[in-house]
Amino acid sequence: MKQRIGLILALTGAILLLQPDLDVQIILQDMTQLAMMYWPIVLILIGLLLITPRKKKKRTSR
């Protein structure tokens with residue numbers, strides 16, 4: 001969880017360094033438009049998460 005938050009913060013910082021004058025409203029409009037156009041991708045990702053088996057942790061015997 002900490003790694004994901006760190007990655008998000010690092011990417012956000014890099015974007016703000018490259019383009020500090022970004023308009024948040026325009027970004028939200030673009031993200032909304034992409035979400036409306038490509039919403040079936042969410043179904044694909046959920047299906048892939050359900051299909052892939054999770055690794056079980058082995059207990060060590062003492």
Pairwise distance [atom1]([X]) to [atom2]([Y]) - rounded to 0.5 angstrom:
X: Asp23; Y: Leu28; atom1: CG; atom2: CG; answer: 9.0 Å
X: Arg4; Y: Leu9; atom1: CZ; atom2: CG; answer: 14.0 Å
X: Leu50; Y: Leu45; atom1: CG; atom2: CG; answer: 11.0 Å
X: Gln25; Y: Asp30; atom1: CD; atom2: CG; answer: 10.5 Å
X: Leu34; Y: Ile41; atom1: CG; atom2: CD1; answer: 9.0 Å
X: Leu11; Y: Leu16; atom1: CG; atom2: CG; answer: 11.0 Å

Do Leu7 and Ile15 share a hydrophobic cluster, counting only Ile, Leu, Val, Met, Phe, Trp and Tyr and linking them when any side-chain heavy atoms are less than 4.5 Å apart?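 Leu7 does not cluster with Ile15.
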
